[in-house]
Peer 1: 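Quick one: the structure is below, questions incoming.
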2 protein chains.
Amino acid sequence: MSSTIETKCKKKGVKLTDQRKIIAKVMSDSNDHPNVDELYNRVSKIDPKISIATVYRTVKLFEESGILAKHDFKGGKARYEELNEGHHDHLIDVKSGEIIEFVDNEIEELQKKVAEKYGYELVDHKLELYGIKKKS
Amino acid sequence: MSSTIETKCKKKGVKLTDQRKIIAKVMSDSNDHPNVDELYNRVSKIDPKISIATVYRTVKLFEESGILAKHDFKGGKARYEELNEGHHDHLIDVKSGEIIEFVDNEIEELQKKVAEKYGYELVDHKLELYGIKKKS
DNA sequence: GTAGATGCAAAGTATTTGCGACAAG
DNA sequence: CTTGTCGCAAATACTTTGCATCTAC
């Protein structure tokens, strides 16, 4: 069974090399938002010969092909996640670094309205909430 | 007349050197969101002896003191702006790079609600809208 | 067969830091 | 005075790239 990412690659005419298949699989299997280092480590366990340059090249390619999303959360390194149908935003635990995905249609609608108010068509947006876990 | 930034520095116990005064003044006079390079260029016109290291150190210090806000918009370099009372978010023209500041209290409220829904207290957030100017 | 991909190491960017000289409080 | 700052150049962190070799289609 080939992964969703592989299917997308074929659709986009992206050549499917062994390295890309491995990177695709690791991303599919990841439920978190790995940065390039973490991704490289996971990939290396499957094929230690893959170079970090290839990982960088591949995530960039996948991002341009709409297969992965890149996030520049606070703290320097870019993080990646698989891009599926449902769009979502992120709530980040400032203590633990844990990342929660959420969707709020009301906010999405308001964003469009704000853009329109200024004469713009919204093509993209970034919403990140940073929070501290409440004692329950 | 000393700038608002200088007043804040005294309040926070930040030592006021000539270099910091100049950087504070340039930031106060800037209505855009300069990155460190741009800021360094502007500062150099007033005092060419100020080093870029000092600019980096100063914006970092000012950020930690709540005097400046740092933004990691798309495109690599961090941008800074003076932090005044009114909080606002940004609408970025993807073609021209122009940045529009806006406030939407409804969105702000909803963000708090979302965080609470997941058991978090919202301590910070980042909202960036990317848009294309409509033909009017 | 050929255009494009890979690995390696070297090169870029953006930012930080060690250190001796210097200045603010 | 003493603590913290400055300028400089070297160092770091993350990411990109040139080139010879290799591989998917």
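The chains referred to below are lettered A, B, ... by the order of the sequence lines, with proteins before strands, and numbering in each begins at 1.
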Peer 1: Which pairs, protein N/O on one side and nucleotides 15-20 of chain D N/O on the other, fall under 3.5 Å?
Peer 2:
| from | atom 1 | to | atom 2 | distance (Å) |
| --- | --- | --- | --- | --- |
| dT15(D) | OP2 | Y56(A) | OH | 2.6 |
| dT15(D) | O5' | Y56(A) | OH | 3.4 |

Peer 1: Apart from V103(A) itself, what residues make up its hydrophobic cluster, given side-chain heavy atom links below 4.5 Å?
Peer 2: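 Reading the cluster by chain and number, V103(A) sits alone, since nothing else belongs.
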Peer 1: Before you tell me yes or no, could you show the steps for K45(A) and D29(A) under salt bridge (charged side-chain N to carboxylate O under 4.0 Å, His left out), namely the whole-Å CA-CA distance, both residues' side-chain angles and the distance that decides it to 0.1 Å?
Peer 2: CA-CA 14 Å; K45(A) 280 179 193 153; D29(A) 292 351; over 6 Å; no
Peer 1: If only side-chain N and O atoms of S51(B) are considered, is one of them under 4.0 Å from the OP1 or OP2 phosphate oxygen of dC6(D)?
Peer 2: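 No.
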Peer 1: Given salt bridge (charged side-chain N to carboxylate O under 4.0 Å, His left out), test K74(B) with D124(A) step by step and report yes or no.
Peer 2: CA-CA 11 Å; K74(B) 300 194 177 183; D124(A) 192 11; 2.4 Å; yes
Peer 1: Consider only side-chain heavy atoms of I, L, V, M, F, W and Y, link residues closer than 4.5 Å, and tell whether V114(A) and L129(A) are in one cluster.
Peer 2: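 Linked, V114(A) and L129(A) end up in one cluster.
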Peer 1: Rounded to whole angstrom units, what separation is found between the CG atom of D47(A) and the P atom of dC22(D)?
Peer 2: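 Atom-to-atom, D47(A) to dC22(D), this comes out as 16 Å.
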Peer 1: I would like to know whether E38(B) and K77(B) meet salt bridge (charged side-chain N to carboxylate O under 4.0 Å, His left out); could you show each step before the answer?
Peer 2: CA-CA 11 Å; E38(B) 292 163 350; K77(B) 314 188 189 178; over 6 Å; no
Peer 1: Between which nucleotides of DNA chain C, 5' to 3', does chain B make heavy-atom contacts below 4.0 Å?
Peer 2: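 Contact span on the strand: dA14(C) to dG25(C).
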Peer 1: Could you check whether H33(A) and E81(A), counting side-chain N and O atoms only, form a donor-acceptor pair closer than 3.5 Å?
Peer 2: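 Their side chains do contain a donor-acceptor pair, which is all the 3.5 Å distance test asks for.
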Peer 1: By the ring-ring contact (aromatic ring centres under 6.0 Å, His included) test, which pairs, at least two apart or in different chains, include something from residues 97-136 of chain B?
Peer 2: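 Qualifying pairs: H87(B)-H125(B).
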Peer 1: Please determine if a side-chain N or O atom of T17(B) lies less than 4.0 Å away from the OP1 or OP2 oxygen of dC6(D).
Peer 2: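 Indeed, a polar side-chain atom of T17(B) lies that close.
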Peer 1: In the hydrophobic clustering (ILVMFWY, side-chain contacts below 4.5 Å, transitive), which residues join L83(A), or is it alone?
Peer 2: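 Members alongside L83(A): none; it stands by itself.
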Peer 1: Step by step, work out the salt bridge (charged side-chain N to carboxylate O under 4.0 Å, His left out) result for K112(B) and E109(B).
Peer 2: CA-CA 5 Å; K112(B) 264 185 228 159; E109(B) 276 310 311; 3.5 Å; yes
Peer 1: Report the distance from atom OG1 of T4(A) to atom CD of E82(A), rounding to the nearest 0.5 Å.
Peer 2: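 With rounding to 0.5 Å, OG1 (T4(A)) is 5.5 Å from CD (E82(A)).
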Peer 1: Could you tell me the separation between the CG atom of L16(A) and the C1' atom of dC25(D), rounded to a whole number of Å?
Peer 2: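 Those two atoms, CG and C1', are 11 Å apart.
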Peer 1: Relative to each other, are the rings of F73(A) and H71(A) parallel, tilted or perpendicular (30° and 60° limits)?
Peer 2: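 Because their plane-to-plane angle is under 30°, the rings of F73(A) and H71(A) count as parallel.
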Peer 1: Quick one: I50(A) CD1 to dC22(D) P, roughly how many Å, whole number?
Peer 2: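 Rounded to whole Å, this separation is 17 Å.
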Peer 1: Which residues in residues 21-31 of chain A have a heavy atom closer than 4.0 Å to any atom of DNA chain D?
Peer 2: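 Close to the strand, none.
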